[in-house]
Amino acid sequence: MTIVSRFAPSPTGFLHIGGARTALFSWLLARHSGGKFLLRIEDTDRERSTQEAIDAILDAMKWLGLDHDGEITYQSERAERHNEVIDQLVEAGHAYYCDCTKEQVDAMREKARAEGRKPKYDGSCREKNLGPGPDRVVRLKAPIDGATAYDDMVKGPIAVNNEEMDDMILRRSDGTPTYNLAVVVDDHDMGVNHVLRGDDHVNNTPRQILIYKAMNWDVPVFGHVPMILGPDKKKLSKRHGALSVMEYEKMGYLPEAAVNYLARLGWSHGDQEIFSTEEMVKLFDTKNLGNSPSVFDLKKFEWVNAHWIKEADPERLADLILDFLAREDGPEAAENAPRTKLLALIPHLQPRAKSIVEMVPQSRPFLVTADQLEYDEKAATKFINDEARPLLEEIRAKIEADSDFTHDSLEAICKGLVEEKELKFKNLAQPLRVAVTGSTQSPSIYDTMLVLGKDETLARLERAVKL
RNA sequence: GUCCCCAUCGUCUAGCCCGGUCCAGGACGUCGGCCUUUCACGCCGAUAACAGGGGUUCAAAUCCCCUUGGGGACGCCA
């Protein structure tokens with residue numbers, strides 16, 4: 001059987017980390033088996049659904065690389081088909097009209113609860129054989145006894161006694177289909193045979209199975225992934241720090257890192273921590289999905305991100321750094337930045353960066369000219385002092401005279417000077433570092449000068465001694 | 001209240017299905033050390049968990065029951 005899975009977000013906000021992970025697992029499930037991954041937008045709640053939210057979700061999925069097959073299904077466009085199915089159900093005797101008022105139903109629920117039972121509609125209209133009419137809803141004629149069971153891909157066997165479930169409404173009194181009905185019809189029509197979704201739908205599953213059975217349709221395989229918790233162990237929500245996945249892009253995370261980290265949150269493959277997306281596709285198996293909720297740990301996410309930054313192609317990192325630079329310093333800063341120099345620098349930055357945003361201040365000194373360089377005040381006062389100035393002047397002269405300007409020649413110059421003056425290396429290296437970068441932190445001093453180039457290094461030394 | 005789900009280091013998890021190889025393994029974090037021209041990286045080491053109680057068994061993290069704790073659901077929302 002070809003696996004067909006889907007992701008079905010309702011467009012009422014951005015795609016947050018929890019939704020992204022559900023989408024990822026569904027995508028992985030399909031891609032692993034060479035099946036199809038479909039996308040359906042559940043926009044039947046006209047009040048809350050927005051085009052902006054749809055775009056935001058699509059953008060986030062694109063960023064993560066979760067491509068879907070075929071056209072996007074919009075649930076709101078399918079009301080006619082939903083109603084057609086409801087009519088079939090009524091005709092077949094699996095559903096019936098009900099004219100109980102909301103107040104009456106509330107009273108029934110109240111009563112049931114008072115008696116210590118699960119609140120539910122009592123089925124008054126089940127056998128009334130009512131026809132369509134104003135203010136009437138259509139309810140499913142659910143089995144009264146027996147149980148509805150299924151084997152959850154992540155939780156294992158789950159069974160619910162049918163008496164726990166009430167005759168749920170399929171069509172509202174205003175003629176619109178309800179969620180549970182719409183989901184079943186859409187999944188069936190789309191050919192979806194594997195449904196992987198959030199934990200909060202476990203209770204809906206037996207109800208939906210009842211609809212499949214009433215229609216005599218094949219029941220898909222279901223799986224419910226546990227939710228993601230905040231550091232306080234509370235469910236991640238907008239109020240509780242659930243950020244849009246795109247916020248992580250803004251914080252300088254790489255999509256492959258996000259995918260890697262998200263996958264490890266609830267899924268495992270032995271002791272392995274680092275997975276490329278291709279590797280995950282190859283190894284993914286719902287058997288290894290965890291069944292307890294997990295806490296989102298930004299520290300570990302950072303570590304994963306640091307790993308993928310080390311692996312990333314410098315050309316791509318250069319583009320990203322320039323994007324961030326443009327955002328922070330304005331477009332002209334990025335346009336004027338010497339890309340070649342940045343490319344030479346990036347391999348030295350990769351081992352020391354946890355995010356792209358961190359790489360921006362580390363790059364900046366290399367992207368401006370000597371006269372634009374900003375010196376960190378503390379660093380300058382501490383290291384560019386009366387002792388350092390003559391040293392820097394001497395170094396400047398030696399570098400000027402050095403026609404090679406290589407790692408080896410620079411090392412020879414510095415080591416020679418250290419020996420000659422009987423200095424500790426850092427008493428030379430730190431002033432030099434501050435002089436050429438404006439900061440106490442940079443890659444190796446030789447690499448730093450090499451990336452800057454001879455002219456720029458000399459210009460900065462000249463400027464530094466006058467500080 | 002009723003039903004459903006969950007429970008291994010601070011965190012993510014392996015192990016649990018098919019009991020012994022687990023006085024519980026890996027990773028993040030934290031702490032210490034090494035490396036070192038700064039910041040990092042890297043390397044080495046340490047820290048720390050089977051929620052509790054009963055069974056079953058020669059033997060239980062693993063199987064069964066109960067308790068506790070957490071979460072979810074109970075809508076003419078999705």
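The chains referred to below are lettered A, B, ... by the order of the sequence lines, with proteins before strands, and numbering in each begins at 1.
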Asks: Would you indicate which nucleotide in U38(B), A14(B), C74(B) comes nearest to any side-chain atom of Q430(A)?
Replies: U38(B)
Asks: Which part of the nucleic acid, if any, lies within contact of Y446(A), taking any heavy atom under 4.0 Å across all strands shown: a base, the sugar-phosphate backbone alone, or nothing?
Replies: base
Asks: With a 4.0 Å cutoff (strictly under), does any side-chain N or O of S444(A) reach OP1 or OP2 of U38(B)?
Replies: no
Asks: Can you find a donor-acceptor N/O pair under 3.5 angstrom joining the side chain of E273(A) to the base of G26(B)?
Replies: yes
Asks: Roughly how many Å is it from CZ in R117(A) to P in C4(B), rounded to a whole number?
Replies: 16 Å
Asks: With rounding to the nearest 0.5 angstrom, report the NZ to CD distance, K120(A) to E163(A).
Replies: 7.0 Å
Asks: Is a donor from one side chain sitting under 3.5 angstrom from an acceptor on the other, for R433(A) and T437(A)?
Replies: no
Asks: Starting at CZ of F383(A) and ending at C1' of C39(B), how long is that distance when rounded to a whole Å?
Replies: 12 Å
Asks: For the base of U37(B), is there a side-chain donor-acceptor partner from R433(A) under 3.5 Å away?
Replies: yes
Asks: Please state whether the base of G72(B) and the side chain of D199(A) form at least one donor-acceptor pair under 3.5 Å?
Replies: no
Asks: Establish, with yes or no, whether the OP1 or OP2 oxygen of C77(B) is under 4.0 angstrom from a side-chain nitrogen or oxygen of N180(A).
Replies: no
Asks: Would you mind classifying the nucleic acid contact of P443(A) as base, sugar-phosphate or nothing, using non-hydrogen atoms under 4.0 angstrom?
Replies: base
Asks: Any idea which of G72(B), G71(B), C12(B) is nearest the N203(A) side chain?
Replies: G72(B)
Asks: Ignoring the backbone of D271(A), work out which of A27(B), C76(B), G26(B) is nearest its side chain.
Replies: G26(B)
Asks: If I pick the C1' atom on G19(B) and the same atom on C58(B), what distance separates them, to the nearest angstrom?
Replies: 12 Å
Asks: Taking the nucleotide of RNA chain B with the nearest heavy atom to each, does L265(A) or P9(A) sit closer to the 5' end?
Replies: L265(A)
Asks: Measure CD1/I158(A) against P/C3(B) and give the value in whole Å, please.
Replies: 16 Å
Asks: Provide, to the nearest angstrom, the distance between the CZ atom belonging to R113(A) and the P atom belonging to A73(B).
Replies: 14 Å
Asks: So, D404(A) side chain and T406(A) main chain: donor-acceptor pair closer than 3.5 Å or not?
Replies: no
Asks: What is the base-pairing partner of C3(B), counting Watson-Crick and G-U wobble geometry with both distances under 3.5 Å?
Replies: G72(B)
Asks: Roughly, in whole Å, what's the span from CG in N288(A) to P in G15(B)?
Replies: 7 Å
Asks: To the nearest Å, give me how far apart NZ (K426(A)) and P (U37(B)) are.
Replies: 9 Å
Asks: Given the rule in the salt bridge (charged side-chain N to carboxylate O under 4.0 Å, His left out) test, do E84(A) and R81(A) qualify, once you have shown the distances and angles that lead to the verdict?
Replies: CA-CA 5 Å; E84(A) 182 184 311; R81(A) 160 99 257 242; 3.4 Å; yes
Asks: Which part of the nucleic acid, if any, lies within contact of S442(A), taking any heavy atom under 4.0 Å across all strands shown: a base, the sugar-phosphate backbone alone, or nothing?
Replies: base
Asks: Indicate whether OP1 or OP2 belonging to U11(B) is found under 4.0 Å from a side-chain N or O atom of K233(A).
Replies: yes
Asks: Which nucleotide, in any strand shown, forms a Watson-Crick or G-U wobble pair with C31(B), with both distances under 3.5 Å?
Replies: G45(B)
Asks: Starting from the 5' end of RNA chain B, give me the residue, G270(A) or V154(A), whose nearest nucleotide shows up first.
Replies: V154(A)
Asks: Applying the Watson-Crick and G-U wobble criteria at under 3.5 Å, what pairs with U62(B)? Answer none if nothing qualifies.
Replies: none
Asks: Out of F296(A), Y253(A), W303(A), which one pairs with Y261(A) under the ring-ring contact (aromatic ring centres under 6.0 Å, His included) rule?
Replies: F296(A)
Asks: Taking the minimum atom-to-atom distance to the side chain of K118(A), which one of U13(B), C3(B), C77(B) wins?
Replies: C3(B)
Asks: For the C1' atoms, the ones on U62(B) and on G45(B), what distance do you get once it is rounded to whole angstrom?
Replies: 31 Å
Asks: Please confirm whether any donor atom in the side chain of S173(A) sits under 3.5 Å from an acceptor in the base of C76(B), or the reverse.
Replies: yes
Asks: Classify the nucleic acid contact of G290(A) as base, sugar-phosphate or nothing, counting any heavy atom under 4.0 Å across all strands shown.
Replies: nothing
Asks: Can you see whether Q208(A) engages T205(A) through a side-chain donor-acceptor pair at a distance of less than 3.5 angstrom?
Replies: no
Asks: Provide, to the nearest angstrom, the distance between the CD atom belonging to E163(A) and the P atom belonging to U2(B).
Replies: 14 Å
Asks: Between C65(B) and A27(B), how far apart are the C1' atoms? Round to whole Å, please.
Replies: 35 Å
Asks: Salt-bridged, D166(A) to R109(A), with N to O below 4.0 Å?
Replies: yes
Asks: If I pick the C1' atom on C22(B) and the same atom on A49(B), what distance separates them, to the nearest angstrom?
Replies: 13 Å
Asks: Report yes if a donor N or O on one partner sits less than 3.5 Å from an acceptor N or O on the other, where the partners are the side chain of R352(A) and the base of C41(B); otherwise report no.
Replies: no
Asks: In terms of side-chain heavy atoms of T440(A), which of C76(B), U38(B), A14(B) is nearest?
Replies: U38(B)
Asks: From A7(B), A73(B), U11(B), pick the nucleotide closest to the side chain of V295(A)?
Replies: U11(B)
Asks: Output the rounded distance in Å from CG (D447(A)) to P (U38(B)).
Replies: 14 Å
Asks: I want to check one thing: is the phosphate of C3(B), taken as OP1 and OP2, less than 4.0 Å away from some side-chain N or O of R207(A)?
Replies: no
Asks: Look at the side chain of K300(A) and the base of C12(B), then say whether one donor and one acceptor between them are separated by less than 3.5 Å.
Replies: yes
Asks: With rounding to the closest Å, how many angstrom separate the C1' atoms on A48(B) and C31(B)?
Replies: 12 Å
Asks: Ignoring backbone atoms, establish whether R109(A) has a side-chain N or O less than 4.0 Å from OP1 or OP2 of C76(B).
Replies: yes
Asks: Does A24(B) pair with anything, Watson-Crick or G-U wobble, both distances under 3.5 Å, and if so, with which nucleotide?
Replies: none
Asks: Assign C98(A) to base, sugar-phosphate, or nothing according to its heavy-atom contacts below 4.0 angstrom with the strands shown.
Replies: nothing
Asks: Side chain of Q441(A), heavy atoms from C-beta onward: which of C39(B), C4(B), C6(B) has the nearest atom to it?
Replies: C39(B)
Asks: Can you tell me if N305(A) and Y248(A) form a side-chain donor-acceptor pair at under 3.5 Å?
Replies: no
Asks: Choose from C12(B), C76(B), C6(B) the nucleotide whose nearest atom is closest to any side-chain atom of P293(A).
Replies: C6(B)
Asks: Heavy atoms only, 4.0 Å cut-off, all strands: where does M165(A) land among base, sugar-phosphate and nothing?
Replies: nothing
Asks: Donor-acceptor pair, Q104(A) side chain versus T101(A) backbone, under 3.5 Å?
Replies: yes
Asks: Would you confirm whether T12(A), through its side chain, and R48(A), through its main-chain N or O, come within 3.5 Å as a donor-acceptor pair?
Replies: no
Asks: Nearest to the side chain of E164(A), which nucleotide is it out of U2(B), C41(B), A78(B)?
Replies: U2(B)
Asks: Taking only the P atom of each, what is the distance from C3(B) to C66(B) in whole angstrom?
Replies: 13 Å
Asks: Considering only atom C1', compute the distance from G72(B) to G10(B) and round it to an integer number of Å.
Replies: 25 Å
Asks: Taking the same atom, C1', in U56(B) and in C64(B), what whole-Å distance lies between them?
Replies: 7 Å
Asks: Considering Watson-Crick and G-U wobble pairs with both distances under 3.5 Å, what does U36(B) pair with?
Replies: none
Asks: To the side chain of N204(A), which of C12(B), A78(B), A73(B) is closest?
Replies: A78(B)
